[in-house]
Q: 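My structure is below; once you've seen it, I'll send some questions.
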Amino acid sequence: MKIPKTSGGDSQTALHHPPKPLDSSPLYEPTSVLDPHITSSPSAAAAAPAGGLCAAPSFPWDPTTFPLSITPSANAASDDWPDPLSFLLADMDDPCSFFPDLSHTTPGPPEADGSHIDPLIRAAHAIEIGDLNSSLSILARLNFLLPCSTGAPLHRAAFHFKDALLSFLPIPDRPIPEPPLSAIELVRRIAAHKAFSDLSPIPQFTSFTANQTLLEYLETASSLHLIDFDLGLGGQWSSFAHDLAARSRAARLPPPPLRITAIVSDETAETALAADNLRDFARGIGLRLTVEFVRLNAIGGVRLAAGEAVAVVLTPTIFRLIGVSVLRFVRRAAARVVLVVDGEGYCGSVGSFSRRFASGLEYFAAVMEVVEAGAAAVGAGEEAVRRIERALFRPRIFAAVATAAASVGDWKELMASAGMVVAEVSEFTESQAEWLLRRAPVEGFHVARKEGALVLSWKGRELSSTSAWRCR
């Protein structure tokens, strides 16, 4: 569904206007994930990057002090599941049980489909121009009309985008993208990744096209160094390691040593689990593999060794977090190939904050529709859909709204200006990607070449793309 544009959506005001004074108008109150068959699409970088990075959005107010109160739909990521087993196996009777108890809130009158979208984009535009009072008034009303994530995919996406806007405003008890990471939450996140892979071909498409392209460009190398800016759970690299070892066995050669440097905003239990499982998996297939971590604000500390063939894997979000410095790093590393895996479908859009906000809303509504259709086709039920929405989509939406405030231009133009040229993605990769889509639980998916990239779309809406680049 196309999102309507607002009259002010083209404004280039960069969120640096002083907020307009508030008036007194009343507000509405209201175990191993590394099975080669399990892959995960790259997720957006952290919504609140560490010091030294591009802190977006840069709002001109102090979020710790603000007199008004809006009853939050917030801690929408609060922990309401008693244990991992009940999360994985039980059906939830309450469609909003993973959100706080909002039984005291009386929803507003029914409105036509999409009727919440225009006010939501107007709220984004108000934040863009520094009109704090208007944004709070609009979002307070939407908080009353959209108290939880129910209804059509567009409405569910609107709920999370509404919360993402509220999380950056100076109000108490702001919504959070997800609960603090714990062992239980990690189990849920792993289960959500697997469910997403089962119900949608998006993770398999991004993983396969990236891995196959890397194998083709690095097949003659005697030692490999992969620098990944979006490790996630690391499942994509188990598939790569498996194929690398299989090719070596077929050629009656020992597999080349593989070193993975993961660029992360912080080292967490998730990154530690990914590294440990990758090492264990590699030992099981006779591959020598090492995993190292480097902080995003210290990429100059990446260790480069002579004789290694270097490949870099990026997502468009990285340009909004650290700007063109990532391209200076790529040239210093003398990467044999650079892959840009756009699993977000909207980050390349240019224009104002509110326009990028609308593009992101449209994209996530489409992805939720894909998952919902896949669940209906295989009989997975609503529980699987909500598991994915809560554990995967909501954090990505919050990160998308945060990074959308950073205006750095089209990442493709930045690549070209840094002396990078598009490299070919093979016809074999394209044909195998098309075969992969035939296994999808629903029809309507299509693979096409666009400006040198392989693009996955569903019913005409682009969902993911993989492109290869090389230094001139």
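Just so it is clear, the structure is predicted and the values come from calculations on it, not from any experiment.
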Q: Is any side-chain heavy atom of Trp411 closer than 4.5 Å to a side-chain heavy atom of Arg320?
A: no

Q: Mark yes when over 12 heavy atoms from residues, nucleotides or ligands other than Glu434 sit less than 6.0 Å from its CD; otherwise mark no.
A: yes

Q: Rounded to the nearest 0.5 Å, what separation is found between the CG atom of Leu186 and the CZ atom of Arg188?
A: 11.0 Å

Q: Would the distance check show the side chain of Ser135 and the main-chain N or O of Leu132 forming a donor-acceptor pair, the cut-off being under 3.5 Å?
A: yes

Q: Roughly how far apart are Arg394 CZ and Phe161 CZ, rounded to 0.5 Å?
A: 11.5 Å

Q: Can Glu462 and Ser457 be counted as having a side-chain donor-acceptor contact under 3.5 angstrom?
A: no

Q: Could you walk me through whether Phe319 and Val324 pass the side-chain contact (heavy atoms from CB on, under 4.5 Å) test, one step at a time?
A: CA-CA 6 Å; Phe319 294 96; Val324 295; 5.7 Å; no

Q: Hey, is the main chain of Ala391 close enough, under 3.5 Å, to the side chain of Arg189 for a donor-acceptor pair?
A: no

Q: Is any side-chain heavy atom of Val378 closer than 4.5 Å to a side-chain heavy atom of Asp198?
A: no

Q: Taking all heavy atoms of Tyr363 and all of Leu463, pick out the closest pair and write down the distance.
A: OH-O, 3.1 Å

Q: Would you say the side chain of His116 lies within less than 4.5 Å of the side chain of Leu142, judging by non-hydrogen atoms?
A: yes

Q: I'd like to know if the side chain of Thr213 and the backbone of Thr209 have a donor-acceptor N/O pair within less than 3.5 Å.
A: yes

Q: What are the two closest heavy atoms between Ser167 and Ala164, and how far apart are they?
A: OG-O, 2.6 Å

Q: Taking side chain as C-beta onward, heavy atoms only, is Val294 less than 4.5 Å from Val264?
A: no

Q: Taking all non-hydrogen atoms of both residues, which atom of Thr150 and which atom of His155 are closest, and how far apart?
A: O-CB, 3.9 Å

Q: Determine whether Val340 and Thr466 make a side-chain contact, defined as any pair of heavy atoms from C-beta on separated by less than 4.5 Å.
A: no

Q: Can you see whether Asn211 engages Trp237 through a side-chain donor-acceptor pair at a distance of less than 3.5 angstrom?
A: no

Q: Please list, chain by chain and in numerical order, all residues satisfying side chain to side chain donor-acceptor pair (under 3.5 Å) with Trp458, sequence neighbours excluded.
A: none

Q: Do Thr429 side-chain atoms and Val425 backbone N/O form a donor-acceptor pair below 3.5 Å?
A: no

Q: Is it true that Glu369 and Arg156 make a salt bridge, defined as a side-chain N closer than 4.0 Å to a carboxylate O?
A: no

Q: Within a strict 4.5 Å, meaning less than it, do heavy atoms of the Ile202 and Val367 side chains meet?
A: yes

Q: Drop me the distance from Phe229's CZ to Leu296's CG, to the nearest 0.5 angstrom.
A: 7.0 Å

Q: Under the side-chain contact (heavy atoms from CB on, under 4.5 Å) rule, what do Arg449 and Leu454 come out as? Steps first, then yes or no, please.
A: CA-CA 5 Å; Arg449 288 182 182 268; Leu454 282 185; 3.8 Å; yes

Q: Evaluate the criterion side-chain contact (heavy atoms from CB on, under 4.5 Å) for residue pair Ile176 and Asp163; output intermediate values, then yes/no.
A: CA-CA 8 Å; Ile176 59 173; Asp163 271 9; over 6 Å; no

Q: Mind checking what makes side chain to side chain contact (heavy atoms under 4.5 Å, CB included) contact with Glu413, not counting sequence neighbours?
A: Asp410

Q: Given side chains that start at C-beta, do those of Val455 and Val447 come closer than 4.5 Å, heavy atoms only?
A: no

Q: The test is ring pair (Phe, Tyr, Trp, His ring centres under 6.0 Å); show your working for Phe445 and Phe205 and say whether it passes.
A: CA-CA 11 Å; Phe445 293 99; Phe205 174 86; 9.7 Å; no

Q: Has the side chain of Ser197 got a donor or acceptor atom that lies under 3.5 Å from a matching backbone atom of Lys194?
A: no

Q: Enter the distance from Asp342:CG to Ser464:OG here, rounded to the nearest 0.5 Å.
A: 6.5 Å

Q: So do the side chains of Val326 and Leu314 get within less than 4.5 Å of each other, counting heavy atoms only?
A: yes

Q: Whether the side chain of Lys162 engages the backbone of Leu146 through a donor-acceptor N/O pair (distance < 3.5 Å, no angle test) should be reported.
A: yes

Q: If we ignore hydrogens and angles and just use 3.5 Å, is the side chain of Ser359 paired with the main-chain N or O of Arg355 as donor and acceptor?
A: no

Q: Of all the heavy-atom pairs spanning Asp131 and Ser134, show the shortest one and how long it is.
A: OD2-OG, 2.7 Å

Q: Go through the steps for Phe353 and Val401 under the test side-chain contact (heavy atoms from CB on, under 4.5 Å), then give the verdict.
A: CA-CA 9 Å; Phe353 168 71; Val401 172; 4.3 Å; yes

Q: Closest approach of Ala210 and Leu339, non-hydrogen atoms and distance?
A: O-CD1, 3.3 Å

Q: Roughly how far apart are Ile260 CD1 and Asp228 CG, rounded to 0.5 Å?
A: 7.5 Å

Q: Determine, for Arg390 against Glu178, whether the closest basic-nitrogen to carboxylate-oxygen distance falls under 4.0 angstrom.
A: no

Q: Could you measure the distance from the CZ atom of Phe357 to the OG atom of Ser352? Nearest 0.5 Å is fine.
A: 11.5 Å

Q: Looking at every heavy atom in both Leu199 and Ala384, which two are closest together, and how far apart are they?
A: CD1-CB, 4.1 Å

